[in-house]
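Below is one structure, written out as structure tokens; comments come after it.
Proteins get letters first, then strands, A, B, ... in listed order; numbering begins at 1 in each.
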Number of protein chains: 2
Amino acid sequence: MILQRLPKLAAAIPESLAEMLEEEIILGRLKSEERLTEEFVAERYGVSRSPVREALRLLERDGLVIREARRGIWVAPMSQRDFDEVYTCRIALEGLVARQAAESNDTERKKEFRGLLVELKEAQARNDARQFFAVDVRGSALVYDLAANRTLTRLLQGLEKQALRYRFHAYEQDPKIVKLSLDDTARIYDAITAGDGDSAQAMTEKLIREIWQSMREKVRDYFGQ
Amino acid sequence: MILQRLPKLAAAIPESLAEMLEEEIILGRLKSEERLTEEFVAERYGVSRSPVREALRLLERDGLVIREARRGIWVAPMSQRDFDEVYTCRIALEGLVARQAAESNDTERKKEFRGLLVELKEAQARNDARQFFAVDVRGSALVYDLAANRTLTRLLQGLEKQALRYRFHAYEQDPKIVKLSLDDTARIYDAITAGDGDSAQAMTEKLIREIWQSMREKVRDYFGQ
DNA sequence: GACTTGTATGCTGTATACAATATGGTGTCG
DNA sequence: CGACACCATATTGTATACAGCATACAAGTC
């Protein structure tokens, strides 16, 4: 029998499912408060309910869906309050991870920041939000790798997904909000590359706080408190 | 009609299982790196593998077990590195939650700190580690409730469980390490009650940092880097 | 007409059966 | 004697069957 299934996909259906659903939620194709029945998801992706249940547990962990016992699962609602919660946590943790990344002496991997910045600029020039965010996420992943703090990474990956929902929405409404952050991002990458933990942390905290403030009002207007 | 719906009470086997396993891991009855086969857990608690799998996902989320695809699940190893990771994250987040708790104006619930302090002292006087930690966890839960930040609470609850493994171990080795923290805890509770966010945050960060430093060497000696 | 009770249905939660894969031991061959 | 292939077994991963709760709606009662 000739192999027909991709080994990697077969290796972790729940994780793959979770990734696909994540993307759909972040990009807004699955709307807030939309019901997600297990059978619907199972049928849609051609698998049984078992891996779906596990995938939904993963999404619950990352705050993308909410679950009520014996009642079901819904795409997590968006609100200013939720937004505030995510961002207050992010300020603290992203600052920490930037510091720890700067303290790494893996100069090889730090060089990757250069290429990422080029890609970010290209994506921005093309006004390609999806691409921009995809590269941005890879940048975060690199920072997390450099920090080499698995616990911190675990916490942040969850927050990042929630944050991306808001950021993507904001970008669609007003693309220039992204430009705001590009220069600062470049400076942060420089500080990390240079090994300057103090300013990497301070600039990261400042950047995220600014993004938070700049989006806050629109989030309230759009999603309510 | 007085009876409200009690959503939490609706039997949730995975959550109950997770709680029991958590306790076994924290108290060291399930040893580090011990293999946890699904069938073993299922048989031990008289349930099938389905809820066990979900319980183990929950434990994985909280960093108490590690999982390798298709190979199995083990009680998470303890090490100085893991300890450092947990505590650097805790410093940032516990400080934040203390500040937000202080900013709450739920004076009724803040009064509960008094009773908790009494219980803490009693437990300490009796050298009852389990009781001490149980009350301490309730104190944290109260702080989290006051902060009313679900995202932050979600992140911290996971960290707290990991931290408790080390704290409980340290307590067994040397009970006076607990006395160290009682007075400071009292002062933090006071600051929160008084609504002084700045000092609640600063004192919390300082306390956790001190606990971290005081335990760090012993953790390395015992568990290795 | 409002409220309770009965009933149907859809969905979640759990158990069980089955498939796929990792592991360890045994034997064979170099 | 060591390396490697092969098979047996244990364990995870997935599918399916079934039980029980939640919701909506219909019927009956006051």
For [X], which residues count as a salt bridge (Lys or Arg N to Asp or Glu O under 4.0 Å) partner, sequence neighbours excluded?
X: A:Arg126; value: A:Asp128
X: A:Glu33; value: none
X: A:Glu39; value: none
X: B:Arg81; value: B:Glu85

Please tabulate the protein-to-nucleotide N/O contacts below 3.5 Å involving nucleotides 9-11 of chain C, giving atom names and distances.
from, atom 1, to, atom 2, distance (Å)
C:dC11, O3', A:Arg35, NH2, 3.3

OP1, OP2 of C:dT14 versus side-chain N and O of A:Arg70: anything below 4.0 Å? no
Just distance, no hydrogens or angles: give the donor-acceptor pairs under 3.5 Å from side chains in residues 214-224 of chain B, sequence neighbours left out.
from, atom 1, to, atom 2, distance (Å)
B:Ser214, OG, B:Glu210, O, 3.3
B:Ser214, OG, B:Ile211, O, 2.9
B:Arg216, NE, B:Asp84, OD1, 2.8
B:Arg216, NE, B:Asp84, OD2, 3.3
B:Arg216, NH2, B:Asp84, OD2, 2.7

| request: Write down the distance between CD (A:Glu68) and C1' (D:dC21), rounded to a whole number of angstrom. | output: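 In whole Å, D:dC21 C1' lies 14 Å from A:Glu68 CD.
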Separation of D:dT14 atom P from A:Glu15 atom CD, nearest Å, is 9 Å
- Kindly indicate whether the side chain of A:Glu160, heavy atoms from C-beta on, has any atom under 4.5 Å from the side chain of A:Leu155.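 With C-beta onward as the side chain, the pair stays apart.
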By side-chain hydrogen bond (donor to acceptor under 3.5 Å, both in side chains) - contacts of [X] (at least two apart):
X: A:Gln157; value: none
X: B:Gln80; value: none
X: B:Arg90; value: B:Tyr87, B:Glu94

Here the residues of residues 43-65 of chain A within 4.0 Å heavy-atom distance, strictly under, of DNA chain C are A:Arg49, A:Arg53
side-chain contact (heavy atoms from CB on, under 4.5 Å) filter on A:Glu38, not counting sequence neighbours, yields A:Arg49, A:Val52, A:Arg53, A:Leu56
Computed from five pairs at either end and rounded to 10 degrees, the angle between the axes of the helix from C:dG1-D:dC30 to C:dG30-D:dC1 is 10°
